[in-house]
Amino acid sequence: MKFSIQINEGPYQHQASDSAYQFAKAAIAAGHEIFRVFFYHDGVNNASRFTMPPQDDRNVVNQWAELGIKNADGEPELVVCIAAALRRGMLDESEAKKNGIEGNNIHPAFRISGLGQLIEAGIQSDRLVVFGD
Amino acid sequence: MATKKFMYLNRKASYGTAYAIESLEVVLIAAAFEQDVSLAFIDDGVYQIIEGQNTDGIGMKNFSKTFHALGDYDINKLYVSAESLEERGLTADDLMPLVYEDEDDDWAEKTSVKIVSNAELSKIMSDQDVCLSF
């Protein structure tokens with residue numbers, strides 16, 4: 001089955017991203033496809049490459065990155081909502097440059113895009129599973 | 001592109017968290033995809049479409065007027081949980097008069113809001129292809 005996932009909560013404060021990760025991992029292990037993971041609301045914070053948990057804790061961001069969810073063109077399908085990201089201080093290289101800001105914090109395993117990608121995921125997938133409050 | 005039935009479940013009040021406004025942003029973007037869209041307002045989500053909202057005292061943008069634009073985007077199925085209204089001491093009269101123009105009926109203005117029981121809402125939800133919960 002073709003799944004997409006929406007994550008509405010940030011890491012560590014809320015279990016949504018962890019649960020979604022466990023779900024994605026189990027789905028892939030069972031032979032299913034993850035078409036796209038879409039990060040919305042505070043969920044955009046799951047894409048910060050500056051995330052530094054203590055050594056004895058899981059790294060939520062790297063866990064997602066290691067799943068390596070990509071499309072046929074090799075682009076990441078861990079997609080961060082651009083509007084939600086920018087208003088929360090999450091920028092990739094191109095957005096940082098566009099806004100005259102030095103530095104950027106989106107992990108390279110993720111990409112920034114629009115809300116249309118969430119709707120498209122809903123249309124293209126057999127199931128869209130939402131994780132959040 | 002295939003047409004699917006999308007339902008947006010609004011469960012939180014307009015302010016206090018960003019869920020309501022960011023849900024509405026998805027709904028407006030989704031309008032461009034020409035899908036079959038409906039909205040449900042349950043729990044504190046019913047407060048999102050209360051008439052006479054005023055955000056002057058909290059320094060936030062009052063986005064409630066945006067709901068009036070939904071009819072222009074062919075989004076005219078707004079279901080409100082009867083139980084959620086009643087639990088909060090609200091009635092249909094407390095809601096914004098949200099309408100659309102029915103192109104199949106000489107552009108007659110009709111209400112987009114339908115108050116339904118949770119049991120009815122549950123049936124409507126099970127009939128959807130995609131439910132996005134906010």
Do the ring planes of A:Phe110 and A:His107 sit parallel (below 30°), tilted (30 to 60°) or perpendicular (above 60°)?
perpendicular
Could you list the residues that satisfy side-chain hydrogen bond (donor to acceptor under 3.5 Å, both in side chains) with B:Asp72, not counting sequence neighbours?
none
With a distance cut-off below 6.0 Å to the six-membered ring centre and an angular limit of 45° from the axis, does B:Lys12 pair with B:Tyr19 as a cation-pi contact?
yes
Kindly state each residue pair satisfying salt bridge (Lys or Arg N to Asp or Glu O under 4.0 Å) with at least one member in residues 7-31 of chain A, sequence neighbours excluded.
A:Asp18-A:Arg58
Inter-residue atom distance A:Leu128.CG - A:Glu120.CD, 0.5 Å rounding:
12.0 Å
So which of A:Leu118, A:Asp133, A:Asn8 has the largest heavy-atom pair count under 4.5 angstrom toward chain B?
A:Asp133
Residues 31-54 of chain A vs chain B, non-hydrogen distance cutoff under 4.5 Å, contacting residues -> A:Tyr40, A:His41
Tell me every residue that passes salt bridge (charged side-chain N to carboxylate O under 4.0 Å, His left out) with A:Arg111, counting only those two or more places apart in sequence or in another chain.
A:Glu77
